[in-house]
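Worksheet: one structure, shown below.
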Amino acid sequence: MAETAQQEPEQATRRRPALSPSRAGDFKQCPLLYRFRAVDRLPEKATRAQVRGTVVHSVLERLYGLPTEQRDRQKAGDLLTPAWEEILAEQPELAELFEGPDDPELAKWLKSASGLLDAYFEMEDPQRLQPEACELRVETELPSGVLLRGFIDRVDVAPTGEIRLVDYKTGNAPREIGEAKAMFQMKFYALVLWRLRGEIPRQLLLMYLANKQKLAYAPDEDELRRFERTLEAIWQAILRAGKTGDFRPNPSKLCDYCDHKALCPAFGGTPPPYPGWPEDPTTNEESILDRTD
């Protein structure tokens with residue numbers, strides 16, 4: 001009996017849904033998209049570009065796990081195929097992206113991933129950096145009770161204590177849309193780190209490997225407080241929609257990239273019956289693909 005009593009609070013904690021940057025962005029973009037992904041959990045077919053981003057992120061994480069002197073371009077190349085094979089073992093359905101291991105398209109795709117690693121090494125020298133963490137899972141509860149959760153590509157801390165958050169971008173989203181989405185994510189991470197550590201990150205750095213460009217931003221306290229209120233408003237709107245199932249579509253040019261367009265009322269479709277607000281702890285978790293947009 002005592003053991004059961006100890007487990008119940010832990011289970012209650014695990015069952016609390018949280019807000020991630022990807023799911024917050026989904027609701028902000030289109031409440032119905034949020035429902036399809038977070039509530040209905042409709043399957044979405046991964047693209048080669050998304051999975052390539054996942055592989056490149058995995059290589060860079062593995063690279064920074066090596067001793068400093070081993071973080072060279074050759075070693076990064078050696079990590080590429082094993083990273084792909086490990087991801088494929090974890091998600092066998094990704095094999096459908098190619099017609100087997102001898103598919104020329106697979107070799108071409110791996111070469112394109114190698115090109116992104118070339119770009120990374122032109123932008124930074126990993127032997128000169130000592131990140132505090134890579135692929136860091138963070139979670140915090142705001143004073144309002146909203147639970148925030150996400151993953152940060154890299155956290156750098158200077159000897160003098162200043163924090164820099166780094167995010168690698170490998171996707172092909174239109175630049176103005178991609179940057180707005182990426183900066184929303186970075187402010188989310190900055191807010192979480194501030195609430196966890198009591199210090200505002202000095203810099204948010206986006207690294208666009210495809211075109212070898214960097215976008216740096218310095219948040220301030222007033223801005224993060226406003227952003228916190230924005231997230232609280234998004235979460236309250238999600239909860240209101242969750243009670244009734246009234247997740248309305250918000251048509252935009254992004255609809256052309258949506259896997260669920262055929263089910264959207266804005267395009268003559270019919271969503272599946274509303275299953276009710278979920279209490280599963282994975283409801284609002286980010287997938288690996290979410291983190292590599």
Side-chain angles (χ1 to χ4, degrees), residues 10 12-29 34 37-38 53-54 57 60-61 64 129-158 160-169 171 178-207 214-239 242 280-293:
E10 295 176 4
T13 298
R14 288 197 302 269
R15 291 173 67 84
R16 278 193 65 193
L19 191 62
S20 73
S22 295
R23 297 294 78 83
D26 287 344
F27 191 85
K28 188 167 174 280
Q29 174 186 322
Y34 174 92
R37 285 178 167 169
T54 303
H57 276 72
L60 294 177
E61 180 184 8
Y64 276 108
L129 298 167
Q130 295 296 338
E132 180 185 270
C134 293
E135 292 298 324
L136 178 66
R137 185 185 190 276
V138 291
E139 180 177 305
T140 193
E141 183 176 339
L142 299 179
S144 63
V146 179
L147 192 63
L148 305 181
R149 181 184 299 139
F151 288 82
I152 304 174
D153 284 354
R154 199 177 86 209
V155 179
D156 297 338
V157 180
T160 48
E162 292 91 348
I163 300 171
R164 178 173 71 174
L165 306 185
V166 181
D167 196 74
Y168 313 118
K169 291 298 173 188
E179 284 190 0
K181 180 180 178 182
M183 194 52 68
F184 181 91
Q185 292 173 332
M186 295 300 279
K187 289 180 183 179
F188 185 104
Y189 299 141
L191 174 61
V192 172
L193 257 291
W194 178 37
R195 288 306 186 189
L196 284 173
R197 303 188 182 188
E199 182 173 352
I200 295 174
R202 175 65 62 88
Q203 186 182 75
L204 311 179
L205 179 63
L206 293 164
M207 299 184 65
K214 295 181 180 181
L215 177 63
Y217 186 77
D220 59 39
E221 182 173 335
D222 288 342
E223 181 177 22
L224 291 185
R225 289 189 184 278
R226 290 193 299 271
F227 189 74
E228 181 176 87
R229 292 194 292 271
T230 296
L231 293 182
E232 290 169 341
I234 289 173
W235 184 242
Q236 290 305 314
I238 289 172
L239 292 180
D280 190 305
T282 63
T283 298
N284 297 304
E285 287 278 11
E286 292 186 305
S287 71
I288 295 176
L289 296 180
D290 285 329
R291 306 200 299 271
T292 56
D293 289 346

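- With hydrogens and angles disregarded, a donor-acceptor distance shorter than 3.5 Å links the side chain of Y189 to the backbone of F151.
- For the pairing with P201, the side chain to side chain contact (heavy atoms under 4.5 Å, CB included) check across L191, V155, I163 returns one residue only, I163.
- Here the closest non-hydrogen pair linking L206 and A182 is CD2-CB, 3.7 Å.
- A distance-only check finds a donor-acceptor pair linking the side chain of H57 to the backbone of Y168 [under 3.5 Å].
- Here K28 contributes atom NZ and K181 contributes atom NZ; the two are 11.5 Å apart, rounded to the nearest 0.5 Å.
- Atom-to-atom distance recorded for F184:CZ and L231:CG is 5.5 Å, nearest 0.5 angstrom.
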Inset, instruction - Evaluate side-chain contact (heavy atoms from CB on, under 4.5 Å) for F27 paired with W235, printing each intermediate quantity in order. - result: CA-CA 9 Å; F27 191 85; W235 184 242; over 6 Å; no
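- Here the shortest heavy-atom pairing between V192 and E139 reads CG1-N, 4.3 Å.
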Inset, instruction - May I have the step-by-step check of side-chain contact (heavy atoms from CB on, under 4.5 Å) for R197 and V157, ending in yes or no? - result: CA-CA 12 Å; R197 303 188 182 188; V157 180; 4.2 Å; yes
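- Put simply, CD1 on I152 and SG on C134 are 11.0 Å apart, with the number rounded to the nearest 0.5 Å.
- Partners of R225 according to the side chain to side chain contact (heavy atoms under 4.5 Å, CB included) rule, which considers only residues two or more places apart in sequence or in another chain, are W194, R195, E221, R229.
- When atom types are taken as modelled, the side chain of D156 and the backbone of R164 share no donor-acceptor pair closer than 3.5 angstrom.
- The ring-ring contact (aromatic ring centres under 6.0 Å, His included) check on Y217 picks up nothing, with sequence neighbours excluded.
- Nearest heavy atom pair, residue I200 against residue D220, reads CD1-C, 4.0 Å.
- Scanning all heavy atoms of the two residues, the minimum distance from L224 to K187 falls at CD2-O, 4.0 Å.
- At a threshold of 4.5 Å between non-hydrogen side-chain atoms, the residues S144 and E228 do not count as touching.
- One distance of note links CZ of F227 with CE of M183; it measures 10.5 Å at 0.5 Å rounding.
- In this structure, R23 and R37 approach most closely via the heavy-atom pair NH2-CD, 3.8 Å.
- No side-chain heavy atom of M207 sits under 4.5 Å from any side-chain heavy atom of D153.
- The 12-atom threshold is not exceeded at CZ of R202, counting heavy atoms of other residues, nucleotides or ligands nearer than 6.0 Å.
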Inset, instruction - Apply side-chain contact (heavy atoms from CB on, under 4.5 Å) to the pair K169 and L215, showing each step before the final yes or no. - result: CA-CA 11 Å; K169 291 298 173 188; L215 177 63; over 6 Å; no
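- Once rounded to the nearest 0.5 Å, the distance linking CG of L196 with CG of L136 reads 9.0 Å.
- Here the closest non-hydrogen pair linking R149 and P21 is O-CD, 3.4 Å.
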